[in-house]
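Below, read A as the first sequence line, B as the second, and so on, with proteins coming before strands; counting in each chain starts at 1.
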Number of protein chains: 2
Amino acid sequence: MTREEITDGRNLRSIATKKRLLEASKELFYENGFEKTTITQIIKRAGTGYGTAYVYFKGKDEILTSLIEDVMQEFLDMANTPFAPATKQEAKTLIHKQVLLFLNMANENHQIMKVFSEAIGLSSTVDSKWNEIRETNIHYITRDITYSQSQGLARTDLQANLVARFWFFANENYQWEVVHKKNTASIEEIAKTLTDMYVDGLYIM
Amino acid sequence: MTREEITDGRNLRSIATKKRLLEASKELFYENGFEKTTITQIIKRAGTGYGTAYVYFKGKDEILTSLIEDVMQEFLDMANTPFAPATKQEAKTLIHKQVLLFLNMANENHQIMKVFSEAIGLSSTVDSKWNEIRETNIHYITRDITYSQSQGLARTDLQANLVARFWFFANENYQWEVVHKKNTASIEEIAKTLTDMYVDGLYIM
DNA sequence: AAAGATATTGACACTGTGTCAACTAAACAA
DNA sequence: TTGTTTAGTTGACACAGTGTCAATATCTTT
């Protein structure tokens, strides 16, 4: 209820310290990746003592999660987009837009996403965060497919949740390719191919 | 040319030592995973001295790669299966069979595959090994799609290599689900859904 | 200015890796 | 058989990184 905005000198200092630690971490993660960055490197660049890092964060993991929180929220928000097409063509347009959004977000945040992808598998916290994003996305895709099926737009002989995973997995992997700048085709081309395959495979007519 | 089968007592002993190290490693990897297993644990179970492990392997990575070599070869071999369907229906049958093979192999070798998946991202050697498998598979899938396109069986408005990645990515992720026993549906159901979506999206008629 | 509260610090204990000089044991030569 | 060489084994050591905590510094309040 009451926003405790205690802003005496000490508090301001501690806020600044935490910020310096985060800034330094971000820089180092971008430069050398997550694993190769050590706490010692971070505190040196931030100009603090070793123990200070552990005052603000439980460890390297928590520093990273702190840094990626915003991007992850974007991903979660993006998942729940209104979807109520009346025709197959309309569905295609909506889905295409969605794929583009997804891939472009990956592209724009490729630096932090790269660190993120490295940390999946390295840190169980990051891992479960990504799984949350995954399952949330799949959940909403399933909902959209079910809707299309109920409208007679999509074939009903396929299980919505299985198709949803299929679709998300393909998107996810292309996303990582984009993040690592390994994509052999342009984002636009990728989006077009993915959408065409998907919609023509799932939708009727 | 000349197979140097020196099998004096010393050599036999060293072979046995290496084998013991591999056995112990396998057991521990299965029990506690790759990362949590330490060299000390391994040499204790193998009944050797600490340094001995480093005589036979450069480190934990090399022990693992040694253990997964066989499975990986299987994956590589599997990729290059004859594919020359005359009709869409025939293509569907062949592809369905292939997906089943892929997922079943993952299922049968789920223990070692689980360790494998953990080590991807943790070890650059393992990572690049998996990438090799990936690219090889995608290469052959691309070849098959191109063939189908040339036969007038598949639509030509989609880039074969992009579709191939799309397809492989979906398979790969389902494979990991199977490996981690996270799959929500049976292997048969998964294979059916994947194949239907894919073939109906890509093939004509 | 003394006391109290908060923030900062680096030395320390701990875990794990990889190396290497010393050691042991088998094979061979005389 | 014994001495020598060669192959195989070993654990102590140096090193790198983590996380903790008692001591210290700095700011705020009385």
Side-chain angles (χ1 to χ4, degrees), chain A residues 4-25 28-29 31-67 115 118-119 121-126, chain B residues 4-25 28-29 31-67 115 118-119 121-126:
Chain A
E4 303 264 7
E5 289 288 343
I6 310 158
T7 40
D8 43 19
R10 280 187 298 209
N11 193 29
L12 286 174
R13 178 164 57 119
S14 82
I15 288 170
T17 305
K18 187 172 182 181
K19 197 179 165 191
R20 283 207 319 281
L21 282 167
L22 282 171
E23 281 301 318
S25 302
L28 285 162
F29 287 165
E31 286 168 26
N32 311 321
F34 179 71
E35 200 179 11
K36 284 196 178 169
T37 302
T38 66
I39 301 289
T40 307
Q41 288 177 305
I42 293 172
I43 58 106
K44 266 189 184 168
R45 187 167 300 195
T48 75
Y50 190 86
T52 313
Y54 287 90
V55 171
Y56 294 103
F57 308 98
K58 281 184 188 166
K60 235 168 60 173
D61 277 31
E62 210 179 281
I63 299 182
L64 180 60
T65 28
S66 210
L67 282 171
V115 179
E118 190 199 341
L122 239 60
S123 140
S124 58
T125 320
V126 174
Chain B
E4 303 265 7
E5 290 286 343
I6 310 158
T7 41
D8 40 23
R10 280 188 297 209
N11 194 28
L12 286 175
R13 179 164 56 119
S14 83
I15 288 170
T17 305
K18 188 172 181 179
K19 197 180 166 192
R20 283 206 322 279
L21 282 166
L22 282 171
E23 280 301 319
S25 302
L28 285 162
F29 288 164
E31 286 168 26
N32 311 321
F34 179 70
E35 199 180 12
K36 285 196 178 170
T37 302
T38 66
I39 301 291
T40 307
Q41 288 177 305
I42 294 171
I43 59 103
K44 266 189 184 170
R45 188 167 298 196
T48 75
Y50 190 87
T52 313
Y54 288 91
V55 171
Y56 294 102
F57 308 98
K58 282 183 187 166
K60 235 168 61 173
D61 277 30
E62 210 178 280
I63 298 182
L64 180 60
T65 29
S66 210
L67 282 171
V115 179
E118 191 200 339
L122 241 60
S123 140
S124 59
T125 321
V126 175

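- Residue B:K60 contributes atom NZ, which lies 10 Å from atom C1' of C:dT17 at whole-angstrom precision.
- Within 3.5 Å, a donor on the side chain of B:R10 pairs with an acceptor on the base of D:dT6, or the reverse.
- The distance from atom CD of B:E35 to atom P of C:dT17 is 11 Å, rounded to the nearest whole Å.
- In this structure, B:F57 reaches neither bases nor backbone, as no heavy-atom distance under 4.0 Å exists between it and the strands shown.
- C:dA7 atom C1' lies 13 Å from atom CD1 of A:I15, rounded to whole Å.
- The backbone N or O of A:A46 lies less than 3.5 Å from a partner atom in the side chain of A:R20, making a donor-acceptor pair.
- Looking only at distances, a side-chain donor or acceptor of A:Q41 sits under 3.5 Å from a matching main-chain atom of A:T38.
- Of the possible donor and acceptor atoms, one in the side chain of B:T65 sits under 3.5 Å from a partner among the backbone N and O of B:D61.
- The residue among A:V55 and A:K36 whose nearest nucleotide of DNA chain D lies closer to the 5′ end is A:K36.
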Practice task
For the pair A:T125 and A:E62, evaluate side-chain contact (heavy atoms from CB on, under 4.5 Å) and give the outcome as yes or no after the intermediate values.
Solution key: CA-CA 8 Å; A:T125 320; A:E62 210 179 281; over 6 Å; no

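- Comparing the start and finish of the helix from C:dA1-D:dT30 to C:dA30-D:dT1, five pairs each, the helix axis swings through 30°, to the nearest 10 degrees.
- Atom CG of B:D61 is separated from atom P of C:dG16 by 17 Å (rounded to the nearest Å).
- Comment: B:E118 does not engage B:K36 in a salt bridge, judged by the lack of any side-chain N to carboxylate O separation of less than 4.0 angstrom.
- Rounded to an integer number of Å, the gap from B:I39 CD1 to C:dG18 P is 7 Å.
- Contact annotation: A:T38 side-chain N/O to D:dG17 OP1/OP2 distance is not under 4.0 Å.
- For B:T17 and D:dG8, the shortest distance from a side-chain N or O to OP1 or OP2 is not below 4.0 Å.
- With rounding to whole Å, B:F34 atom CZ is found 13 Å from C:dT17 atom C1'.
- The closest donor-acceptor contact from the side chain of B:T17 to the backbone of B:R13 lies under 3.5 Å.
- When the C1' atom of C:dT6 is taken as reference, atom CZ of A:R13 falls 8 Å away, rounded to whole Å.
- Protein atom OH of B:Y56 is 17 Å distant from nucleotide atom C1' of C:dT19, rounded to whole Å.
- Electrostatic pairing of A:K18 and A:E23 does not count as a salt bridge here, judged by no charged N lying under 4.0 Å from a carboxylate O.
- Looking at heavy atoms from C-beta onward, A:I43 lies out of side-chain contact with A:T52 at the 4.5 angstrom threshold.
- Within residues 42-52 of chain A, the residues that place at least one heavy atom under 4.0 Å from DNA chain C are, in residue-number order, A:T48, A:G49, A:Y50, A:G51, A:T52.
- A close approach under 4.0 Å does occur between a side-chain nitrogen or oxygen of B:Y54 and OP1 or OP2 of C:dG18.
- Using a distance-only test at 3.5 Å, with no hydrogens or angles considered, no donor-acceptor pair links the side chain of A:S123 to the main chain of A:A119.
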